[in-house]
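Data block below; observations after.
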Amino acid sequence: MFSIGDVGDKMYVVIDGQVDLLIDGKFVETVEAPGAIGEMALFKDLPREATAIVKSDAKLVGGDRSYFAFLEQ
């Protein structure tokens with residue numbers, strides 16, 4: 001899905017399936033529904049701090065910063 005250092009321009013919510021998170025090639029956790037991935041990079045406007053790899057067939061919903069603009073008001 002994304003790698004450490006990538007631009008954090010979207011976050012994702014896992015609807016079904018599993019996504020593994022790795023930091024420096026080391027396993028950190030498996031995210032399952034209804035977990036969120038990439039929210040820290042999106043809201044802090046920073047590069048990705050982890051690598052996300054789809055572990056199994058997965059359904060995800062993604063949203064960029066504009067999707068959450070109502071939260072900043």
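These numbers were taken from a predicted model, which means no experiment stands behind them.
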Of the non-hydrogen atoms in [X] and [Y], which two are nearest, and what is the gap between them?
X	Y	value
S56	G17	OG-CA, 3.7 Å
V13	P34	CG1-O, 4.0 Å
G63	L42	O-CD2, 4.0 Å

Among residues at least two apart in sequence or on other chains, which ones pass side-chain hydrogen bond (donor to acceptor under 3.5 Å, both in side chains) with E39?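 Applying side-chain hydrogen bond (donor to acceptor under 3.5 Å, both in side chains) to E39 gives none.
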Residues in side-chain hydrogen bond (donor to acceptor under 3.5 Å, both in side chains) with E49, at least two apart?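 E49: no side-chain hydrogen bond (donor to acceptor under 3.5 Å, both in side chains) contacts found.
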How does the hydrophobic cluster around L46 look, that is, which other residues are in it when side-chain heavy atoms under 4.5 Å mark a link?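 For L46, no cluster forms, as it stays isolated from other hydrophobic side chains.
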With sequence neighbours left out, write down each residue that passes side-chain contact (heavy atoms from CB on, under 4.5 Å) with K59, or none if nothing qualifies.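 Result, side-chain contact (heavy atoms from CB on, under 4.5 Å) vs K59: I15, D16.
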Considering residues at least two apart in sequence or located in another chain, which fulfil the side-chain contact (heavy atoms from CB on, under 4.5 Å) criterion with A58?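 Per chain and number, A58 pairs via side-chain contact (heavy atoms from CB on, under 4.5 Å) with V54, L60.
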Output side-chain donor-acceptor pairs under 3.5 Å for residues 3-12, partner residues at least two apart or in another chain, one line each.
unit_1, atom_1, unit_2, atom_2, d
D6, OD2, S3, N, 2.8

For residues 20-38, pull every pair meeting side-chain hydrogen bond (donor to acceptor under 3.5 Å, both in side chains), keeping only residues two or more places apart or in separate chains.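 Non-adjacent pairs meeting side-chain hydrogen bond (donor to acceptor under 3.5 Å, both in side chains): Q18-E32, D20-T30.
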Qualifying residue, where the test is side-chain contact (heavy atoms from CB on, under 4.5 Å) with F2 and the options are T51, I37, I53: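 Only one of T51, I37, I53 forms a side-chain contact (heavy atoms from CB on, under 4.5 Å) with F2, namely I37.
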Determine yes or no for a side-chain-to-main-chain donor-acceptor pair under 3.5 angstrom, with R48 supplying the side chain and G38 the backbone.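 Checking the backbone N and O of G38 against the side chain of R48, a donor-acceptor pair under 3.5 Å is found.
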Starting from V14, can I reach M1 by hopping between I/L/V/M/F/W/Y residues whose side chains sit under 4.5 Å apart?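 Same cluster.
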What do the steps show when you test F27 against L21 for side chain to side chain contact (heavy atoms under 4.5 Å, CB included), and what is the final call? CA-CA 6 Å; F27 174 79; L21 295 180; over 6 Å; no
